[in-house]
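Working notes for the structure below.
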Amino acid sequence: MPTDNGNATYLDAVGLALEHEMDADPDVFIIGEDVGQFGGAFKVTKGFLEKFGARRVVDTPIAETGFTGLAAGAALVGLRPVVEFQFADFISCAFDPIVNVLARHHFRTGDPMPVTMRAPFGARLRAGPTHSQSVESYFAHVPGLKIVMPGTPEDAAGLLISSIRDNNPVLYLENKYLYRRLRASGPIPLEPIPLGQAKVVREGTDITLVTYSAGVSQGLEVAAELDKEGVSVEVVDLRTLVPLDVETIVASVKKTSRAVVLHEAALRMGYGAEITAVIQSECFWHLDQPVARIAAKNTPTPTSPPLEDAVVPQPAEIAQVLRKVATA
Amino acid sequence: MPTDNGNATYLDAVGLALEHEMDADPDVFIIGEDVGQFGGAFKVTKGFLEKFGARRVVDTPIAETGFTGLAAGAALVGLRPVVEFQFADFISCAFDPIVNVLARHHFRTGDPMPVTMRAPFGARLRAGPTHSQSVESYFAHVPGLKIVMPGTPEDAAGLLISSIRDNNPVLYLENKYLYRRLRASGPIPLEPIPLGQAKVVREGTDITLVTYSAGVSQGLEVAAELDKEGVSVEVVDLRTLVPLDVETIVASVKKTSRAVVLHEAALRMGYGAEITAVIQSECFWHLDQPVARIAAKNTPTPTSPPLEDAVVPQPAEIAQVLRKVATA
Amino acid sequence: MPTTRKKANAPAPAPPSERDPALLRRIYETMVLTRAVEDRMVAMYKGGDLLGSLYTGHWHEAISVGAAAALRPDDYLAPIHRDLGAHLWRGMEPWQVMASFMGKATSPTGGRDGTLHYGRLDLNIYNLPSHIPANYPVAIGMGFAAKYRGEDRVSLAFCGDGSTSRADWHESLNIASVLKLPCVFVVENNQFAYSTPLQLQSASENFAIKAVAYGMPGVKVDGTDALAVYDATAEAVARARAGDGPSLIEAVTMRMHGHAEHDPADYVPREMLEEWSKKDPVELFERTLLEAGVLDDAAVKSVRGQARQHAIDARKKAMADPMPDPTTVEVGVYAD
Amino acid sequence: MPTTRKKANAPAPAPPSERDPALLRRIYETMVLTRAVEDRMVAMYKGGDLLGSLYTGHWHEAISVGAAAALRPDDYLAPIHRDLGAHLWRGMEPWQVMASFMGKATSPTGGRDGTLHYGRLDLNIYNLPSHIPANYPVAIGMGFAAKYRGEDRVSLAFCGDGSTSRADWHESLNIASVLKLPCVFVVENNQFAYSTPLQLQSASENFAIKAVAYGMPGVKVDGTDALAVYDATAEAVARARAGDGPSLIEAVTMRMHGHAEHDPADYVPREMLEEWSKKDPVELFERTLLEAGVLDDAAVKSVRGQARQHAIDARKKAMADPMPDPTTVEVGVYAD
Ligand SMILES: Cc1ncc(C[n+]2csc(CCOP(=O)(O)OP(=O)(O)O)c2C)c(N)n1
Ligand SMILES: Cc1ncc(C[n+]2csc(CCOP(=O)(O)OP(=O)(O)O)c2C)c(N)n1
Ligand SMILES: [Mg+2]
Ligand SMILES: [Mg+2]
């Protein structure tokens with residue numbers, strides 16, 4: 001089992017929160033490929049089989065459509081399934097049940113649908129076009145789904161607890177690049193963090209950077225650099241994409257009058273499009289510059305390092321765009 | 001077979017273009033559920049089986065994943081499949097092969113992937129949450145796919161011809177509400193209309209309405225009404241969502257200084273988000289008002305008429321928003 | 001072939017005279033009511049009372065009622081668009097079904113969904129979306145929950161012949177068998193999937209034999225014989241309850257109407273319809289019960305009369321019911 | 001059970017001595033080269049030469065080479081991550097495979113994709129994505145095209161035991177059988193799917209028997225016996241070429257390494273590995289050919305030596321090859 005030694009990784013935090021909820025609620029179970037004896041492809045559920053048994057730690061055949069629909073049926077009659085997709089790329093195989101069964105069911109019937117779907121996503125691991133996808137845009141248009149994308153170990157824990165306790169289908173996306181790279185400073189509070197609340201993770205006066213997931217640590221590093229140049233960047237961590245905390249974004253942009261959106265997903269119809277549309281409509285008269293979007297290029301994610309680095313946003317590019325928008 | 005009597009419907013136009021391409025190229029075939037003897041759920045391929053035979057008009061088992069992947073394999077070795085989804089809602093079952101096989105293959109390998117996917121989509125037929133979806137947003141984020149959404153019978157024909165001749169996977173979305181409601185004025189030219197070219201379908205000076213598919217006829221009707229009030233609306237029909245004709249949009253908005261985007265899909269992460277983000281970035285200094293988005297509410301599409309009408313954009317709402325933005 | 005072997009070994013079914021007459025009567029009454037309500041709805045469709053098209057289950061009555069009758073009320077049910085009988089068996093009100101096809105505020109979904117999407121979870125019935133067979137993965141999930149909780153509830157899912165071609169069907173049967181879930185899978189083979197005949201849908205000898213691919217028993221029964229369906233289901237249910245895992249049942253019948261009422265179905269050979277018209281499941285069961293002395297002509301007359309009146313009253317109520325209030329349409333996209 | 005029946009009826013296979021020695025030699029050489037290249041790549045992985053993980057096909061050589069050898073060069077092939085042997089049989093250069101695992105500009109995808117994604121369409125091989133078994137629907141499409149054009153080409157797709165649980169597998173076999181496509185489906189049963197053992201993957205008697213669900217012949221063969229795989233494939237290919245439709249072949253072997261080299265696979269019982277270590281397909285085939293007099297010790301020595309040298313030279317070239325130029329990364333998302 002994961003242990004909190006005071007500097008738990010992002011990966012540990014996910015495991016700690018999941019264990020906490022399985023301890024707290026006998027209706028919570030984890031289902032997916034190789035989650036049992038193997039402890040999951042990234043080892044999030046290492047030790048869970050021994051502790052909770054095969055009844056609550058369920059290894060399935062390779063059948064994303066089937067086990068996602070299974071989770072929906074189990075949730076309908078009172079359980080709280082946590083589904084693990086081995087890689088977020090494979091959630092494409094469950095797109096149909098997620099969109100047509102899980103997301104629509106409550107609106108259609110009034111029945112609750114408490115299913116949490118965990119998926120490790122993202123690039124920068126040289127894993128190539130079908131092992132590196134950011135999948136939030138595939139689902140952000142779908143009414144009835146919530147989308148959670150933590151950027152820190154602390155949020156990973158608190159938001160997973162809230163996701164599991166939520167009565168709606170929640171897509172909980174874990175940035176696999178952060179798994180062993182981010183560490184908590186101090187013990188992880190195993191308390192729920194409400195969904196739908198963004199957080200100003202750095203105060204600033206010149207420009208607002210709206211981001212989420214890996215963009216948060218990336219953005220904070222760049223902001224620290226720009227500070228030395230005298231550019232004061234306020235960093236807003238969305239934490240939850242759906243529902244979107246419009247108030248926090250708008251308050252920050254009205255203060256700074258300039259906004260940049262950053263994500264690792266491709267630009268076209270990345271979630272930055274929605275955020276930009278909201279900002280320009282809510283803050284139009286306060287904006288000194290157009291909202292800028294920093295995102296991956298509109299290509300699949302290549303495998304080879306020089307290619308992948310050219311596609312995914314790099315600190316230099318982020319700094320340059322922030323500098324340009326802040327000082328224009 | 002469809003015949004062009006000088007006032008062909010939107011439905012006839014699709015059939016005429018498909019027949020034209022099957023006449024012109026022996027490598028073009030149509031595959032889907034009930035497309036043969038039955039002529040398809042909406043009768044687009046009525047008579048095709050008799051004319052082209054079972055070799056080129058292929059009825060399949062109910063297996064969207066399988067026959068979409070089949071089309072990819074056939075295209076890889078030189079054929080030009082046209083896949084019919086019985087309803088666009090069911091394309092969710094082919095999301096995986098579309099995103100991970102069809103869309104990425106050329107980037108990965110350099111091989112062509114000429115697959116056209118036809119799907120009748122949209123609301124206003126009292127068909128409910130899983131028979132009325134607008135699916136463009138599920139796919140607009142995916143690099144490697146083209147998305148075509150004609151709003152007139154003439155465009156339906158010309159754009160289908162270009163889609164079939166294109167060497168990339170093309171999602172060709174037919175608004176089933178228009179099938180028998182829109183008629184051509186005069187014979188349908190069976191000439192290709194280039195993908196990626198928007199069209200100013202009505203010139204105006206006060207405000208730009210950017211729309212596509214059913215929004216075009218809807219927008220033109222409202223524009224005619226507003227003209228009587230002295231509000232001059234320029235209507236831009238995108239025709240192709242991906243690739244997006246940014247130039248035409250920007251030229252119009254720079255002229256009118258005001259823009260409204262209209263689509264039948266739900267608001268959040270509807271394609272209006274991308275269009276709005278592009279306009280505010282390219283036309284920021286020309287805009288007199290924030291770009292407004294008119295879209296369906298963020299709910300599934302309800303079945304009951306009073307509910308569906310409350311969710312899907314109605315002429316009165318469109319007129320009111322245009323009036324407000326144009327005169328603010 | 002396991003399926004034939006299985007049938008060969010099966011004990012001779014008990015004659016109607018040796019069965020619980022109250023149960024037989026209730027099965028009969030529900031089948032008659034199902035037919036009466038659907039005939040009424042066909043008239044309503046033609047009369048323009050309904051919103052969209054109408055899906056009916058003529059010649060499916062013995063399957064939907066016979067299978068539902070072999071379950072306990074607390075067992076889970078995942079029916080499709082041919083299974084009005086299963087809903088009625090569980091206590092669904094005919095006027096609610098009509099209200100669904102009319103988009104009325106009083107439909108189980110309050111008009112948010114409509115047509116065939118009226119399943120009530122309070123009756124342990126799943127309300128499926130349009131995608132077929134999306135009810136299969138959900139059904140194994142309900143069975144999973146029963147096993148998870150140590151309950152002896154069973155989950156039964158219906159689907160059509162065409163639905164066996166899809167992802168959901170395969171992945172569900174495979175998972176259910178590997179996890180030994182208490183599930184019963186019923187394939188209603190009505191010879192067509194929309195316009196697609198069997199030979200364009202599957203090349204296997206039949207549908208029951210597909211059970212071999214999942215290591216579960218499969219049996220093929222006459223879907224126009226309510227008792228044959230009841231017995232096969234009862235056997236599969238007993239197996240599931242005992243913790244021995246899922247079973248597959250193929251029930252053979254004919255789709256006597258179009259795919260839906262808008263479909264003239266001229267792709268169906270006329271002779272086929274004539275042949276099958278002789279096998280009306282309701283009439284067959286009626287005759288069986290008359291011969292067994294469970295019913296007499298008077299009883300038949302009153303059951304049929306009551307069913308007819310029930311359908312008429314249901315229409316009256318549904319017609320009079322209000323349409324939903326649009327002002328709250330955005331409420332309830334998310335659960336609290 | 002049709003599969004055993006089928007095997008029982010099959011004629012006794014021709015002894016090696018009665019087969020074309022040139023063909024046997026080429027199969028042997030390709031199997032030896034496959035092993036040599038993969039052993040070299042394992043060293044490269046441990047030495048840090050590779051970008052990510054490494055998937056190998058130890059104990060799959062008889063399947064990938066034996067099956068590929070039963071095809072014509074113009075037949076379509078859709079291999080998976082265990083089938084280096086099939087690629088080499090078709091003429092793929094070992095250095096290209098290494099370049100793929102290194103993200104070099106000289107890999108078949110120019111570094112845009114990597115690791116196991118190096119299939120070359122010019123060799124009539126499909127380059128699959130990560131999703132398994134996405135190559136199945138594509139393979140039936142290639143078979144469809146052959147039939148559409150009236151060509152007598154066949155399409156062969158490999159997959160693993162775990163892949164049989166998925167949508168793509170089911171829908172592909174069903175469609176191929178209904179449309180009578182010239183396809184051969186080979187399931188490489190290596191006892192595990194990542195960490196998942198067979199009994200958590202499928203409850204059917206075996207994988208070959210799943211063919212019953214699709215109305216196609218299914219046969220189970222020893223996947224460590226190159227000639228058994230060759231013969232079963234040749235029979236299926238002949239059937240497909242003759243227009244009689246698809247077949248399923250289950251070839252049984254063992255995954256002797258981890259799922260990929262990063263995986264210590266401590267979930268695999270040690271005894272199991274010891275048992276299977278006695279069934280090295282390369283050694284078994286080498287012995288067969290020595291006994292049949294097709295090879296002598298000198299020949300074996302030179303074949304093994306050349307393979308080793310080939311792998312060493314391949315590494316040299318791959319290591320020296322350049323990384324791709326990032327400036328054109330946005331070019332080629334769309335075809336002209
Ligand atoms: C995934 C999916 N594809 C296509 C359809 C359209 N469709 C609705 S019912 C039907 C035929 C179903 O046939 P079958 O399963 O045999 O059931 P039946 O209607 O004959 O009872 C089809 C193709 C659908 N609902 N879902
Ligand atoms: C749709 C999908 N789900 C999950 C995975 C992750 N995955 C990659 S290989 C593998 C195991 C495959 O097992 P099998 O099919 O038996 O092939 P083997 O690796 O044993 O040769 C899994 C689960 C995947 N690639 N695709
Ligand atoms: Mg049917
Ligand atoms: Mg395996």
Side-chain angles (χ1 to χ4, degrees), chain A residues 26-29 31 53-56 58-81 83 93-97 99-115 142-146 166-170 195-196 242-243, chain C residues 74 76 78 108-114 117-122 124-131 133-151 153 155 157 166-179 181 183 329-336:
Chain A
D27 290 335
V28 176
F29 68 97
I31 183 167
R55 179 173 148 274
R56 298 182 67 193
V58 186
D59 272 323
T60 64
I62 305 171
E64 286 78 5
T65 301
F67 65 68
T68 303
L70 181 156
L76 268 184
V77 297
L79 299 186
R80 295 193 165 274
V83 175
C93 302
F95 185 81
D96 173 47
V99 169
N100 294 301
V101 174
L102 281 76
R104 278 167 171 59
H105 192 80
H106 179 70
F107 179 82
R108 293 172 55 233
T109 65
D111 309 327
M113 182 59 77
V115 176
V142 181
L145 269 183
K146 294 187 178 182
D166 198 278
N167 283 327
N168 298 283
V170 179
L195 304 187
V242 181
Chain C
D74 66 334
Y76 298 113
T109 64
R112 289 186 165 198
D113 209 331
H117 307 285
Y118 52 73
R120 284 170 44 188
L121 193 57
D122 63 305
N124 297 308
I125 294 183
Y126 171 59
N127 186 352
L128 78 175
S130 297
H131 299 59
N135 58 325
Y136 263 56
V138 172
I140 68 169
M142 297 191 293
F144 176 93
K147 181 173 181 175
Y148 185 92
R149 295 203 159 122
E151 301 167 345
R153 290 166 134 184
S155 180
R166 282 211 59 249
D168 301 50
W169 197 84
H170 174 66
E171 296 193 1
S172 298
L173 268 73
N174 185 58
I175 292 172
S177 195
V178 167
L179 299 183
L181 300 181
C183 299
V329 71
E330 283 177 287
V331 179
V333 174
Y334 292 93
D336 301 331

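Chain naming here is simple, since letters A, B, ... match the order of the sequence lines and numbering starts at 1 in each.
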Point to revise | chain C interface, residue from A:Asp59, A:Leu76, A:Thr60 that has the most non-hydrogen pairs under 4.5 Å | key: A:Leu76
Check your understanding: Of all of A:Leu145, A:Ile62, A:Val58, A:Thr68, which one pairs up most often with chain C through heavy atoms under 4.5 Å apart?
Key -> A:Leu145
Check your understanding: Picking from C:Leu181, C:Asn135, C:Thr109, C:Val331, which has the most non-hydrogen pairs under 4.5 angstrom with chain A?
Key -> C:Thr109
Practice item. Please state whether the rings of A:Phe29 and C:Tyr148 are parallel, tilted or perpendicular, taking 30° and 60° as the class boundaries. Key: tilted
**Study point:** For the student: nearest non-hydrogen atoms of C:Pro108 and C:Arg120, plus distance
**Key:** CB-CG, 3.9 Å
Revision key, fill the gap. Heaviest contributor of heavy-atom pairs below 4.5 Å to chain C, chosen from A:Asp27, A:Asn100, A:Asn167, A:Thr109, is A:Asn100
**Study point:** Engaged part of A:Pro97 at the chain C interface, taking heavy atoms whose separation is under 4.5 Å
**Key:** neither
Exercise for review: Go through the atoms of A:Thr65 and report whether side chain, backbone, both or neither lie under 4.5 Å from a heavy atom of chain C.
Suggested key: both
**Study point:** Heavy-atom proximity to chain C below 4.5 Å, by part of A:Val242
**Key:** side chain
Practice item. Would you mind checking which part of A:Arg56 comes under 4.5 Å of any heavy atom in chain C, side chain (CB onward), backbone (N, CA, C, O), both or neither? Key: both
Review point. Side chain, backbone, both or neither: which part of A:Asp111 has a heavy atom under 4.5 Å from chain C?
Key: side chain
Practice item. Mark yes when over 12 heavy atoms from residues, nucleotides or ligands other than C:Asp336 sit less than 6.0 Å from its CG; otherwise mark no. Key: no
Review point. With a 4.5 angstrom heavy-atom cut-off, which part of A:Pro26 approaches chain C: side chain, backbone, both or neither?
Key: backbone
